[in-house]
Amino acid sequence: MLDYKEEKQDVESFITSVVKKLSAPNKQRAADILVGLQLAETPAIADHKKANYPHGSVPAQCG
């Protein structure tokens, strides 16, 4: 992973070269996408979204 100064420089460069040139609705869309990416990388949220299947001791019956 890059150090903080390099990461900050990359983000500032991205904002200056891309985001500032977008229209207002597209700026909001870009922000939503970036927040979604952050949420997708958060382990607690990723674990929460896994399917939760019941585990029981009832035997299966075929009729």
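Values in this document were obtained by computation on a predicted structure and should not be read as measured data.
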Point to revise | Lys27, NZ: over 12 other non-hydrogen atoms inside 6.0 angstrom | key: yes
Review point. Sequence neighbours excluded, which residues qualify as side chain to side chain donor-acceptor pair (under 3.5 Å) partners of Ser17?
Key: none
Check your understanding: With hydrophobic residues grouped by side-chain heavy-atom distances under 4.5 Å, do Leu22 and Ile33 end up in a single group?
Key -> no
Review point. What residue among Val18, Thr16, Val11 forms side chain to side chain contact (heavy atoms under 4.5 Å, CB included) with Phe14?
Key: Val18
Review point. So how far is it from Gln28 CD to Ser23 OG, rounded to the nearest 0.5 Å?
Key: 11.0 Å
Point to revise | Test item: Ser13 side-chain N/O and Gln9 main-chain N/O as donor-acceptor pair under 3.5 Å | key: no
Check your understanding: Measuring from Asp10:CG to Ile15:CD1, what's the distance to the nearest 0.5 Å?
Key -> 11.0 Å
